[in-house]
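Single-structure report; data block below.
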Amino acid sequence: MGMKVLVTGGCGYIGSHTSVALLQAGFAVVLFDNLSNSTSAVLGPIARLGGPKVTLVQGDVRQPDDLAQVFADHRFDAVIHFAGLKAVSESVQVPLNYYEHNVSGTLQLLRAMDVAGVRRLVFSSSATVYAEDAACPLNESAALDATNPYGRSKLMCEQLLCDVQAADPRWQVAVLRYFNPVGAHPSGEMGELPIGVPQNLMPMITQATKGLRPHLSIFGDDYPTPDGTAVRDYIHVQDLAAGHVAALAYMAHQDKGLTVNLGTGRGVSVKEMIDTFERVNAVQVPYRWAARRAGDVAVRFADVGLAQQLMGWRAQLSLDEMCRDAWRWQTTGAGAP
Ligand SMILES: NC(=O)c1ccc[n+]([C@@H]2O[C@H](COP(=O)([O-])OP(=O)(O)OC[C@H]3O[C@@H](n4cnc5c(N)ncnc54)[C@H](O)[C@@H]3O)[C@@H](O)[C@H]2O)c1
């Protein structure tokens with residue numbers, strides 16, 4: 001295609017996998033990252049797996065000068081905006097940081113894009129924007145209402161993007177609401193590098209199984225689900241990456257934006273995830289039962305019909321592959337401490 005894409009937060013977990021998918025689809029890629037939650041070492045695997053048309057610019061989306069420079073140095077066809085903070089519990093403690101990185105950062109990016117005349121954007125949103133009591137499967141028109149600063153920062157960005165598109169039809173924005181990204185590149189060369197105690201189930205499983213944590217806690221055994229544990233929609237990060245390429249193709253062909261869920265459409269319980277991980281990797285996950293966590297809902301999974309209908313995209317990879325690839329990364333990749 002010969003197009004060039006700016007990928008903010010491109011050194012991070014989802015950004016790195018998406019960058020490989022973009023390179024493989026023929027895009028040139030400029031990663032723009034302040035490396036606050038990643039390292040520049042990921043550039044090697046991205047180029048090895050995707051191809052050489054990738055460069056890294058160290059910069060911060062909150063800094064207009066950093067953005068002006070990258071848009072002055074390159075002519076982009078589109079931007080994919082991953083950069084930001086993502087830990088729900090941390091967002092409750094330091095909300096200003098979340099609004100600054102996620103909302104102000106998005107605002108600065110939109111300004112810089114507007115000045116540069118680049119008005120095609122893919123935005124990383126999240127299933128956390130859906131109201132807690134919205135019925136599953138969650139479709140895109142379900143009620144929106146975030147319950148923590150992280151979710152609210154995403155919701156504010158969605159509203160901002162909606163207003164910008166309404167005001168100027170030259171803007172095209174694909175809002176992608178991710179469910180629960182897990183897994184790693186099947187090569188074992190790229191994956192998630194959580195800093196500190198992991199907040200999510202899969203990195204907790206891999207680290208506890210590796211002996212880096214004493215055990216994993218399963219929060220709640222009395223939810224109204226078949227085995228009593230909470231149910232979520234886990235999606236392989238490789239499928240998520242492909243979803244971004246599909247969103248760019250959609251905007252190029254349809255000349256308009258969209259808002260879609262990216263999930264598998266299948267709910268998986270915490271216990272099913274652990275059982276699957278143990279089976280496919282022939283390991284034992286050390287776990288303990290613990291009380292429910294405040295704010296956790298019993299069941300969340302996506303209606304994925306719209307993404308398939310509009311973009312022709314559908315998650316392909318199974319729970320077995322998610323578990324196998326996550327463990328390979330933990331045991332053999334740079335994820336192995
Ligand atoms: N991983 C998930 O479970 C999940 C779920 C839903 C949505 N998302 C969203 O997807 C996006 C990517 O998530 P991820 O899991 O890859 O996170 P990540 O932390 O691995 O990647 C984010 C990247 O952005 C960079 N960054 C942070 N603040 C920045 C700033 N101000 N300027 C420039 N770079 C900055 C970090 O260094 C990192 O490389 C985020 O916006 C996140 O909110 C993630």
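Ligands are counted one by one from 1 in listed order, and the atoms in each one are counted from 1 as well.
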So what's ligand 1 close to, N/O to N/O, under 3.5 Å?
{"residue": "ligand 1", "atom": "15 (O)", "partner": "K86", "partner atom": "NZ", "Å": "2.7"}
{"residue": "ligand 1", "atom": "16 (O)", "partner": "Y13", "partner atom": "N", "Å": "3.3"}
{"residue": "ligand 1", "atom": "16 (O)", "partner": "I14", "partner atom": "N", "Å": "2.8"}
{"residue": "ligand 1", "atom": "17 (O)", "partner": "K86", "partner atom": "NZ", "Å": "3.4"}
{"residue": "ligand 1", "atom": "19 (O)", "partner": "N37", "partner atom": "ND2", "Å": "2.6"}
{"residue": "ligand 1", "atom": "20 (O)", "partner": "Y13", "partner atom": "N", "Å": "2.8"}
{"residue": "ligand 1", "atom": "26 (N)", "partner": "N34", "partner atom": "OD1", "Å": "3.4"}
{"residue": "ligand 1", "atom": "28 (N)", "partner": "H101", "partner atom": "ND1", "Å": "3.4"}
{"residue": "ligand 1", "atom": "31 (N)", "partner": "D60", "partner atom": "OD1", "Å": "3.0"}
{"residue": "ligand 1", "atom": "31 (N)", "partner": "H101", "partner atom": "ND1", "Å": "3.0"}
{"residue": "ligand 1", "atom": "32 (N)", "partner": "V61", "partner atom": "N", "Å": "3.0"}
{"residue": "ligand 1", "atom": "34 (N)", "partner": "N34", "partner atom": "N", "Å": "3.2"}
{"residue": "ligand 1", "atom": "34 (N)", "partner": "N34", "partner atom": "OD1", "Å": "3.4"}
{"residue": "ligand 1", "atom": "37 (O)", "partner": "D33", "partner atom": "OD1", "Å": "2.7"}
{"residue": "ligand 1", "atom": "37 (O)", "partner": "N34", "partner atom": "OD1", "Å": "3.4"}
{"residue": "ligand 1", "atom": "37 (O)", "partner": "S36", "partner atom": "N", "Å": "3.0"}
{"residue": "ligand 1", "atom": "37 (O)", "partner": "S36", "partner atom": "OG", "Å": "3.4"}
{"residue": "ligand 1", "atom": "37 (O)", "partner": "N37", "partner atom": "N", "Å": "2.9"}
{"residue": "ligand 1", "atom": "37 (O)", "partner": "S38", "partner atom": "OG", "Å": "3.3"}
{"residue": "ligand 1", "atom": "39 (O)", "partner": "G12", "partner atom": "N", "Å": "3.2"}
{"residue": "ligand 1", "atom": "39 (O)", "partner": "D33", "partner atom": "OD1", "Å": "3.2"}
{"residue": "ligand 1", "atom": "39 (O)", "partner": "D33", "partner atom": "OD2", "Å": "2.6"}
{"residue": "ligand 1", "atom": "39 (O)", "partner": "S38", "partner atom": "OG", "Å": "2.7"}
{"residue": "ligand 1", "atom": "41 (O)", "partner": "F82", "partner atom": "O", "Å": "2.9"}
{"residue": "ligand 1", "atom": "41 (O)", "partner": "K154", "partner atom": "NZ", "Å": "2.9"}
{"residue": "ligand 1", "atom": "43 (O)", "partner": "Y150", "partner atom": "OH", "Å": "2.7"}
{"residue": "ligand 1", "atom": "43 (O)", "partner": "K154", "partner atom": "NZ", "Å": "3.2"}

Ring pair (Phe, Tyr, Trp, His ring centres under 6.0 Å) pairs, two or more places apart, involving residues 211-234: none

Expected output: side-chain T206 to main-chain P203 donor-acceptor under 3.5 Å: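 Confirmed, T206 side chain pairs with P203 backbone.
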
Pair listing, side-chain hydrogen bond (donor to acceptor under 3.5 Å, both in side chains) test, anchored in residues 293-311, at least two apart: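 Those involving residues 293-311 are R293-D296, Q308-R314.
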
Who are the salt bridge (charged side-chain N to carboxylate O under 4.0 Å, His left out) partners of R111, not counting sequence neighbours? none

If you measure from the Lys or Arg side-chain nitrogens to the Asp or Glu carboxylate oxygens, is any gap between E100 and R62 under 4.0 Å?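 Judged by the 4.0 Å cut-off on N to carboxylate O distance, E100 and R62 do form a salt bridge.
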
Hey, is K86 close enough to E192 for a salt bridge, meaning N to O under 4.0 Å?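 Salt bridge present between K86 and E192.
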
